[in-house]
A.B. asks: 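Take a look at the following structure, please.
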Amino acid sequence: MTARERIFFALLLGTVVGLDPLSIDIALPAAQEMASDLGTDLASIQLSLSLFVFGMAAGQLIYGPLSDRFGRRPVLLFALCLYVCASAALAISPGIEMLVAARLVQGLAAAATQVVSRAIVRDRLDREAASRVLSHVFLVLGIMPIVTPVIGAWLTESVGWRSVFAVMLAYSAAALLIHARWLPETNETPDRDALAPAKLFAAFSEVAGNRLFWAYVGCGAAAFFALFAFLAGSPAAFIVHLGETPQAFGWFFALVMVGNLIGYPVGSRLVIRLGIDRLLACGTLGGLASGLVLAGLAFGGVADPWALVVPVFVYMFSFALILPPATAGALSPFPRVAGAASSLLGVTQLGCGALAGAIVGGLDDGTQMPLAIGMAGASIAGLAALICVRAFVSRGRR
């Protein structure tokens with residue numbers, strides 16, 4: 001693949017990968033207003049976020065085999081159509097029941113953006129090259145969380161919370177049109193038996209039996225747990241505990257996510273020099289240090305927004321060094337069943353994200369403590385996964 005083709009795929013896939021942070025981050029500043037307008041509590045709004053993530057996790061198991069059977073392009077276009085419909089339903093939801101149901105459907109649709117994007121990259125590139133392109137694709141994950149909370153806060157205060165879902169609708173419709181026009185098919189030899197029960201079982205068994213796969217997945221899953229612990233706990237920590245306005249929360253959140261924006265291009269350059277395993281080690285150790293500092297400040301009773309912003313900023317920088325090499329390392333052994341491997345990777349990562357949202361939301365006490373404990377615990381788990389990666393690589397074992 002030429003440099004021009006790599007840039008083309010990074011831009012194209014980055015457009016749909018951007019749906020995931022858009023779906024979550026733009027609505028965070030509107031959580032309290034949504035609860036008041038729909039006559040419910042903040043916990044119910046947090047439940048809608050957890051169900052969105054649960055939908056994304058469950059969808060991971062569907063789209064991989066479907067894309068192995070029918071190709072990457074038709075599966076992604078179908079999912080984008082479903083996302084457009086769910087976003088329209090969210091914008092007109094009369095009550096919490098429809099909001100929660102539509103968020104679940106939206107999550108099921110959004111799952112395809114991650115699964116199919118990873119499979120497309122694996123179709124065309126080897127380990128180091130895949131990690132580099134994924135760094136550019138995931139750069140959108142760094143840009144979106146900077147822009148969208150600020151936009152969401154402004155829309156909430158100026159127009160109302162429904163406008164944030166109108167933005168999701170407009171963005172997804174544009175992405176659908178772009179990919180219908182420009183997305184090529186990269187699965188040149190679709191497996192007609194990919195959906196046969198025996199073939200599905202064999203594909204998932206092949207992936208699930210690889211211990212190195214699970215070690216790499218563990219690194220990424222721990223990072224996802226920490227990320228969603230912050231997403232679930234940050235509105236309560238900033239707005240309820242620290243008394244910040246939704247607009248101030250949007251700016252603080254954006255500042256934290258600048259760490260992602262810086263981290264992805266840095267990782268893209270470093271992976272050529274260090275390789276994916278040493279880059280993964282750098283990111284994991286950085287995440288561990290920032291998670292422990294965050295927890296220490298929380299236990300010390302430091303009630304200041306910067307006690308959250310600074311360590312989480314460092315964690316988000318480290319997250320950008322963890323995710324691309326962990327993904328490339330997990331998928332590289334499976335050229336024949338890239339869709340199934342991508343599905344299993346995705347459902348594990350996002351399952352951890354949904355679990356983090358449920359735990360932090362359930363332990364919400366109006367402070368930053370649940371958030372800090374969740375991120376610190378996840379960073380320790382990430383270190384354990386890294387140790388497994390290094391052990392399996394050094395032994396050359398699967």
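Only heavy atoms go into these numbers, but all of them, side chains included; no hydrogens, no water, no symmetry mates. Everything numeric here is computed off the predicted structure, so don't read it as measured data.
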A.B. asks: How close do Leu22 and Ile26 get, heavy atom to heavy atom, and via which atoms?
C.D. replies: O-CG2, 2.9 Å
A.B. asks: Can you check whether Ala248's main-chain N or O pairs, donor with acceptor, with Thr245's side chain at less than 3.5 Å?
C.D. replies: yes
A.B. asks: If you count every heavy atom of other residues, nucleotides or ligands that lies below 6.0 Å from Phe204 atom CZ, does the total exceed 12?
C.D. replies: yes
A.B. asks: For residues 65-91, pull every pair meeting salt bridge (charged side-chain N to carboxylate O under 4.0 Å, His left out), keeping only residues two or more places apart or in separate chains.
C.D. replies: Asp68-Arg72, Arg72-Asp123
A.B. asks: Which pair of non-hydrogen atoms, one from Ala295 and one from Ala372, has the smallest distance, and what is that distance?
C.D. replies: CA-CB, 4.0 Å
A.B. asks: Given 3.5 Å as the limit, does a donor-acceptor pair link the side chain of Ser268 with the main chain of Tyr264, or not?
C.D. replies: no
A.B. asks: In residues 217-239, what donor-acceptor pairs under 3.5 Å come from side-chain atoms, sequence neighbours left out?
C.D. replies:
| from | atom 1 | to | atom 2 | distance (Å) |
| --- | --- | --- | --- | --- |
| Ser234 | OG | Phe230 | O | 2.9 |

A.B. asks: Only one of Asn210, Asp277, Thr327 forms a side chain to side chain donor-acceptor pair (under 3.5 Å) with Tyr216, so which one is it?
C.D. replies: Asp277
A.B. asks: Do you reckon Val207 sits in the same ILVMFWY cluster as Trp214, going by side-chain contacts under 4.5 Å, direct or chained?
C.D. replies: yes
A.B. asks: Search all heavy atoms of Pro324 against all heavy atoms of Leu321 and return the closest pair with its distance.
C.D. replies: CD-C, 4.5 Å
A.B. asks: Please list all pairs passing the side-chain hydrogen bond (donor to acceptor under 3.5 Å, both in side chains) test where one or both residues lie in residues 304-321, with sequence neighbours left out.
C.D. replies: none
A.B. asks: Shortest non-hydrogen contact from Ala385 to Ala215?
C.D. replies: CB-O, 3.7 Å
A.B. asks: Hydrophobic cluster membership, with links at side-chain heavy-atom distances under 4.5 Å among I/L/V/M/F/W/Y: are Val164 and Val84 in one?
C.D. replies: no
A.B. asks: So, Ser117 side chain and Gln114 main chain: donor-acceptor pair closer than 3.5 Å or not?
C.D. replies: no
A.B. asks: Return the minimal non-hydrogen interatomic distance between Ile24 and Arg103, and the atom names on each side.
C.D. replies: CA-NH2, 4.3 Å
A.B. asks: Apart from Leu108 itself, what residues make up its hydrophobic cluster when side-chain heavy atoms of I, L, V, M, F, W and Y under 4.5 Å apart count as a link, directly or indirectly?
C.D. replies: none
A.B. asks: Is it the case that the ring center of Phe313 lies less than 6.0 angstrom away from the ring center of Phe317?
C.D. replies: no
A.B. asks: So, Thr40 side chain and Ser36 main chain: donor-acceptor pair closer than 3.5 Å or not?
C.D. replies: no
A.B. asks: Just by modelled atom types, is the Ala281 backbone N or O under 3.5 Å from a matching donor or acceptor in the Thr284 side chain?
C.D. replies: no
A.B. asks: So, does Tyr171 use its side chain to make a donor-acceptor pair with the main chain of Thr15 at under 3.5 Å?
C.D. replies: yes
A.B. asks: Could you tell me if Ser23 and Asp20 have a donor-acceptor pair between their side chains, going purely by distance under 3.5 Å?
C.D. replies: no
A.B. asks: Other than Val302, what residues sit in its cluster of Ile, Leu, Val, Met, Phe, Trp and Tyr side chains whose heavy atoms are under 4.5 Å apart, directly or through others?
C.D. replies: Val293, Leu297
A.B. asks: If you take all heavy atoms of Leu12 and His179, which pair is closest and at what distance?
C.D. replies: O-NE2, 2.9 Å
A.B. asks: Check side-chain hydrogen bond (donor to acceptor under 3.5 Å, both in side chains) between Ser172 and all other residues, then give those that pass, not counting sequence neighbours.
C.D. replies: none
